Structures are given as structure tokens and as C-alpha cells.
There are 4 protein chains.
Amino acid sequence: MENKSKPKYKLILDAAVEVIAENGYHHSQVSKIAKKAGVADGTIYLYFKNKEDILVSLFEEKMGQFVSKIKDEIEQIDEADQKLYKLIEMHFQQLSEDPDLAIVTQLELRQSNKRLRLKINEVLKGYLTLMDDILHEGMKDGTFQDQLNVKLVRQVLFGTLDEVVTNWVMKEQRYNLVKQAKEVHYLIYNGLRKHN
Amino acid sequence: MENKSKPKYKLILDAAVEVIAENGYHHSQVSKIAKKAGVADGTIYLYFKNKEDILVSLFEEKMGQFVSKIKDEIEQIDEADQKLYKLIEMHFQQLSEDPDLAIVTQLELRQSNKRLRLKINEVLKGYLTLMDDILHEGMKDGTFQDQLNVKLVRQVLFGTLDEVVTNWVMKEQRYNLVKQAKEVHYLIYNGLRKHN
Amino acid sequence: MENKSKPKYKLILDAAVEVIAENGYHHSQVSKIAKKAGVADGTIYLYFKNKEDILVSLFEEKMGQFVSKIKDEIEQIDEADQKLYKLIEMHFQQLSEDPDLAIVTQLELRQSNKRLRLKINEVLKGYLTLMDDILHEGMKDGTFQDQLNVKLVRQVLFGTLDEVVTNWVMKEQRYNLVKQAKEVHYLIYNGLRKHN
Amino acid sequence: MENKSKPKYKLILDAAVEVIAENGYHHSQVSKIAKKAGVADGTIYLYFKNKEDILVSLFEEKMGQFVSKIKDEIEQIDEADQKLYKLIEMHFQQLSEDPDLAIVTQLELRQSNKRLRLKINEVLKGYLTLMDDILHEGMKDGTFQDQLNVKLVRQVLFGTLDEVVTNWVMKEQRYNLVKQAKEVHYLIYNGLRKHN
DNA sequence: AATGAATGAGATTTCATTCAT
DNA sequence: AATGAATGAAATCTCATTCAT
């Protein structure tokens, strides 16, 4: 379970994801996380202010990577439409590849209190901005209609992705999520593109 | 606070919505709900099996009315596209009209544990079926493309509505939600209709 | 241990005195007090806001009785000097009669934090006022010198009583405390009376 | 903060007085003392057996100086009565001059547990013996009554001094403590001297 | 049907002390 | 001699639920 080479900070965060995915948010005691990470309970508090801080850090860390990976891929693409597709695909792909993280983000972290959820929203802003950028770009270059309500479209996009992933998690990840990217993209894109 | 004419069952459910909207899910103790309803703590357990049962019943009751009102309106409409519009509009309208309920369904009840959320999903099935019906009808009569993945489209639709309402609640209901129905319908409908 | 006739409030306070005297302030967990009182841990919190509140209430209750008993006796005495003697004697007597309470007030409660000690001082004010009254009376009627610094004399008197009782408690109450009343009174009285 | 010329032992004790006076007994963690002394936490344990040992040593060191200074002055005085006065005055004076130490001895160290307080009493014995000596001397040479209960008188004296200083500390040292020496001496002396 | 006093399980966090370097 | 990262034991309080009246 323990990994001598990793710094304790990482060890604890990884353990937290595992423990929360396995036991659910409300049955994930600090002592369980510590045990899984192979450290003493008190050690947790050398790296995190309190239990909530573990969760916020977890989300910041994982979501930061999540978004920056998508960003990296998208930068190499020219067309807004293709960027949109890539975003959808990678959103599904990354969560597919880390089922524990999917459970934590889609189900367990939502059970947290309002303050924690506000912090989580803060972290999500970077992702939403990325969506906005793609939309603006597509509006500018004529790929999308030029009078889109960006804020609203972003809600459509994010709401769709979130619901699709949540359904997949609730169905215990029994089907291939990534394969749905094409269809989802088609539906969204048709909503945005110009029509004759 | 108390209402002599109402049966205690209703009194307790209404009190629950108020208390949860006001104090948040995690600070809504059974004793608080009892007090607001004007009954003793123990009385709650004559009408509900346990605390979770209050929440499920609350959701069943309110969501049942929510869906049946939409159903009633939609039955009087012929075109699938117009039905879709009506559904979106009424979804927004009903939650606009009951801000406490909006807070409870969009924010507070999500903090509940997995088992409760599964039961809530059970209640939602009636609503999702209604969406399915509209989609099938539109596919049949040629309003929508005839090879839609209904399950997926329903996720797009529900995910979108849910996210748009949640955003409105999180922004403290400061703008007119119903006015967004038209734009949301336009985006979704464009995604579904036939294109030449 | 339990006493069905007594109200729970009293039961808990009495248990607290016993438990603290026996185990010391820092080893007197709420659960120990509850057990000794014959109630559940949670019941404590129906009668007291928190653990500190038990201690403050304990002191208020016991000290209130302590002072009012002394007051009652003193009211029936005419001479300031005899009042002083009675106060000293009863101070010693009452603590002699309740050795557990003596341990708690002289040793254990002093280990509490500053805030609790301030509240304790608040309760003590009634006692100090009683001392002041005796002094003023004696100054007026010529029993004592008429230019005493009352505030200071009160400190001499209280400091003396407190130290004498503490010594007795620390010596494990092995000698007769009440018998020292006469000598203590003699020393103090000589300090206060007029000299030719 | 650190003082290169002082041995670490002294550095740590001085830091302890400062930290306790500033933060109170219960918020004076070993790590805080170490930081203020400019040493590592572990270093503390090269000089002291444990936390309690810091406090006992602190008291021994400071109280040792306290008593020996009083002894030195008193030795140069002939009359028991004047010795008594000097003791009172210097008791007040020394604590006046070191407000941090006054806070620590009068308020903070009292919050310690019974065992530590027994050790503190051990240290105090030297002071009490000094008082006894003065009393015996005065009884012998006719300054004081010759049938005093020395043990008891010593409690009156110490209890008085202690209470007067504590009051001054609790009143945040806002008045001149040393000026009260004369009055206190007068009250005590009158209690002890022969009367015709 | 209604009451409400009583129950008791369960978890976060602190901090004195150690010991490998 | 000195460091400081790591340890792990230990206790308050909440609140859903019961049951005697």
C-alpha cells in the first residue's frame, strides 16, 4: 500500500481518493486515510490543515491536472469544433481511466457542505473558462453562431458532460463512456453551428 | 406556523422544505422540523419511518406534482417540438415559483448519501420517461432525427436543465430563469432536429 | 449510586464533585461523570451547555449555598467581631463537612482555564461583599479601626482562609480544620481591632 | 530573540516564562517554547526530562533567586519585626519588577496538575522556613507573642501575600503593589505582637 | 394519536516525546 | 550536541430514534 518513493503529501491524497471511492464520503475517517497512506493519523495534519483541506487539495490537484491535460491537447488543434470534440472526449477519457476519481468527483464530493462546494466551484472556474475560450473562438471564426449566450452554452455543455458521466458512474461504469463522446459532440455541435 | 386544517403529514413535509432551505441539509435536525411543523419529535415517527423517509417523501410529493403539472400541459400540445419547449419552460417556471424547493432540490438534497440519491433517482424516472416519450414522438413524426440515442439525449436534456437551474440558485436567483427557456430550447432543439 | 428521587440536574452536579475529587480535574471525562450519575453521556447535554458549564454550575450551586448559609448565621449575630468569627468557623466547617467539595474548590478547579476562573471569581464576589459588610460594620461601631483599607483587609482575610484550607486539603485532611478557627480569628482580629 | 552568549538551559527557561505569560499555561506547547528559545524541539529534551521538568526547573531557578535575595537583605536586619517588613516589601517588589514571572507564578502555574503543584510546594519550603525563622526569632526576643502557632501564622502570612499579589496581577498590575507593603505589614504585625 | 426526555455510538484533532540523521 | 519529521493516544459533543406515559 505504501510507496516509499512518493512524498507523503501525494501519498495521502492518493489514499484519500481510494478510501472515499471505496467507503463513501461520510465513512471516510481520517484514520482510514492515514492507514491506507501508511502514515500515522497525526502526520496528516503536518500536510493538511484539517480534513476539509484534504478534500479541497485533492480536488485542486486532480482537477488541475485534468484541465491542464485538456488544455495541452486543445492548443494543438486549430478548429473550434475539433477543440470542442477533444474536450468532450478527454473529459470522458480521463474519468474513464481513473474510476475511483470519477466516483469521488461525481458522487462523493457532492455530499460535502456548502463551504467546501464553493471552494470546489472556485477550482472549476479554470475549466469553465476553457470552455468559454473555445466558444468565443468558434463564434469569431464562423464555426458557431455569432450570437451565442456563452454563459448559457457553457452551462449546457458542462451540465451535459456532468450528467453523462454521473449516469455512467451510477450504472457502475458498465459501459464504455468514451464511445459516447461522438454522439454527445454531435448533439451539442448541432446546437451551436450555423444552419442554412 | 401551525395549520390546524392541514393533516400532519403535509405539515411535516412543508416544514421540512422550509427548514432545509433555511438551514441547509446538514443543519436540519429532525427536532427542528418537528418544531417548525408544530408537533413533537416523536410524532414525526408516526408518519415517517425515519429521517430519510421524510426526504424521500418530500421529493416524491413535490416531484410528483412537478411532473404531473408538466404532463397536463403537454398533453394539450400536438407538436413534439412545442412539447419540448413547454417542458423546459415549465421546469424553470415551477422552480422559479418555489424558491425554497429549488434550493432543496438543487443544492441541499445532493448532500445526501448514495442510498438516498438512488431513491431520488427512482422518483425522477417518471420525469425521464416523459422526456423519452416526447423524444420518441418527435422521432416518429419527423420533427427530430430518427436515429437519436434516446437515453443519451435525455441525459443531455436533463443535465442541461439541471445545470441551468443550479446556476440560477447558486447566483441566489437574482435573474429571471424562465426567460432562459427560449434560448435553452433553441440550443437543444437544434441539436435534435433534422438538418438539410 | 443513582438516586431516583433527585432531579437529574442535581444528580449530575453531585456526581461531578465526586468524580473530580477522585480523579482530578483533567481525568474527569464527561463519560465518567455520566456513569457515576447513572445517566447517558448525552443526557448531560440536556442539562448543561458543555463540560465547562458543569463546572461553573457546580461552583455557583455549591458556593451559593456556602455563602447563604454563612449569611443566615451571621444575620443573627450583633457584633462585627463575632460575625467575623462565625464566618471563619463556618468557612472551615462547611468545607470540613464536604471533603470532596474541598478538594474540588481548593485544588482541582484551579486547574481550569482563565475564562472559567473569571466566572468563578464572579461567583465569589458575593462572598467578598459579605466580608466587606462585616468590616464596614465593625469600623462603624468601633470594633475595628476606622481607617482600614477594606479591599486590602478582605484580601488578607480571604487569602488566609484559602491558604489554611488548602494546606489542610494538601495534608489530606488529617487534622481538625474547624479547631483552627479560633486561632485564625485571633490573629486576624488583632490585626483589625483598636489598640491602646 | 536568541542570545548566543547564554547557555541553552537558561535560554529555554527564559523562553518558557515569556511564552507562558503570553499564551497562558495551556497554550504553551513545547514547540512554542523551543521556537522562542531559538532551538529545535528535540533540543529541549537534552536539557530537560520532560515538559513538567521545564516548569519545575523554572520555578526552582526563579524562586531560588527570589528567596535568596530576601534572605540576603534580612540577614542584615536585627529586629524580627523589621525582617517581617522587609520580607513583605521584597516579596512585592520582586514580583513587581518581573511582571511575566508574576503572571506565571500567580496564575498560570496554578493550572498545572496536582503532582506538579506538589513539587512546586517542595520548592516553596525554603521560603516558608525563612518565615518560620523570623517568627521564632520574634517570639524569642519578645517582639511577637510567645505562644504563636508558627505553622498557622506562616499560612496566614503566605496566604495573605499570595492573595494580595494575585489580586494585583488579576487587576492587570494597574496599581503600585509595593506601596501596599506597609499596610499589609501593619495588619499582620498587629496580629502577632504583644498587646497590653 | 401524541409527547419529549433519554439514549449512546462515533470521529477529529492536538501535542509531548522519540529517534534517525 | 542538535535537529525536526513523525508518532498515536485520547475525549467532547451531536442527533436520529425510542418508549413510557
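All values derive from a computational prediction rather than experimental measurement. Order of the sequence lines sets the chain letters (A, B, ...), proteins ahead of strands, with each chain counted from 1.
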Please tell me if the side chains of A:Phe48 and A:Leu13 come closer than 4.5 Å, counting only heavy atoms from C-beta onward. yes
In the structure I gave you, are the side-chain heavy atoms of B:Met170 and A:Asn121 within less than 4.5 Å of one another anywhere? yes
Figure out the [atom1]/[atom2] separation between [X] and [N], and round it to whole Å.
X: A:His26; N: F:dC15; atom1: NE2; atom2: P; answer: 13 Å
X: C:Glu52; N: F:dC13; atom1: CD; atom2: P; answer: 9 Å
X: A:Ile12; N: E:dT13; atom1: CD1; atom2: P; answer: 14 Å
X: C:Lys35; N: E:dG8; atom1: NZ; atom2: P; answer: 12 Å
X: A:Ile54; N: E:dT12; atom1: CD1; atom2: C1'; answer: 10 Å
X: C:His27; N: F:dT12; atom1: NE2; atom2: P; answer: 12 Å
X: B:Leu11; N: E:dA1; atom1: CG; atom2: C1'; answer: 15 Å
X: B:Tyr25; N: F:dC15; atom1: OH; atom2: P; answer: 13 Å

DNA chain F: A:Asp41 or C:Asp41, which has the more 5' nearest nucleotide? A:Asp41
Position toward the 5' end of DNA chain F (nearest nucleotide), C:Asn50 or B:Lys51: C:Asn50
Sequence neighbours left out, what passes salt bridge (Lys or Arg N to Asp or Glu O under 4.0 Å) with D:Glu52? Give chain and number order.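 For D:Glu52, the residues satisfying salt bridge (Lys or Arg N to Asp or Glu O under 4.0 Å) (neighbours in sequence not counted) are D:Arg115, D:Lys119.
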Side chain of [X], heavy atoms from C-beta onward: which of [options] has the nearest atom to it?
X: D:Val30; options: F:dA6, E:dA6, E:dT17; value: E:dT17
X: C:Gln29; options: E:dT7, F:dT12, E:dT3; value: F:dT12
X: D:Leu46; options: E:dT3, F:dT7, F:dA1; value: F:dA1

Pairing nucleotide - E:dA1, Watson-Crick or G-U, each distance under 3.5 Å: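 Because no pair has both required distances under 3.5 Å, E:dA1 counts as unpaired.
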Using purine N1 to pyrimidine N3 plus N6-O4 or O6-N4 for Watson-Crick, or N1-O2 and O6-N3 for G-U wobble, each under 3.5 Å, what pairs with F:dA16?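 For F:dA16, the partner nucleotide comes out as E:dT7, under the 3.5 Å rule.
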With a 3.5 Å cut-off and no angle check, do the side chains of D:Gln106 and D:Asp162 form a donor-acceptor pair?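 Indeed, the side chains of D:Gln106 and D:Asp162 share at least one donor-acceptor pair under 3.5 Å.
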Tell me the closest heavy-atom pair linking B:Val169 and B:Ala102, and the distance in Å. CG2-CB, 4.0 Å
Below the 4.0 Å mark, does [N] have OP1 or OP2 next to a side-chain nitrogen or oxygen of [X]?
X: A:Tyr45; N: F:dA6; answer: no
X: D:Ser31; N: E:dC15; answer: no
X: D:Lys8; N: F:dA2; answer: yes

Taking any heavy-atom pair under 4.0 Å as a contact, classify C:Tyr47: base, sugar-phosphate, or nothing.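 C:Tyr47: backbone/sugar contact only, no base atoms under 4.0 Å.
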Report the residue (A:Gly42 or B:Ala40) whose heavy-atom-nearest nucleotide on DNA chain E is the more 5′ of the two.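 Taking each residue's closest nucleotide, the earlier one in sequence belongs to B:Ala40.
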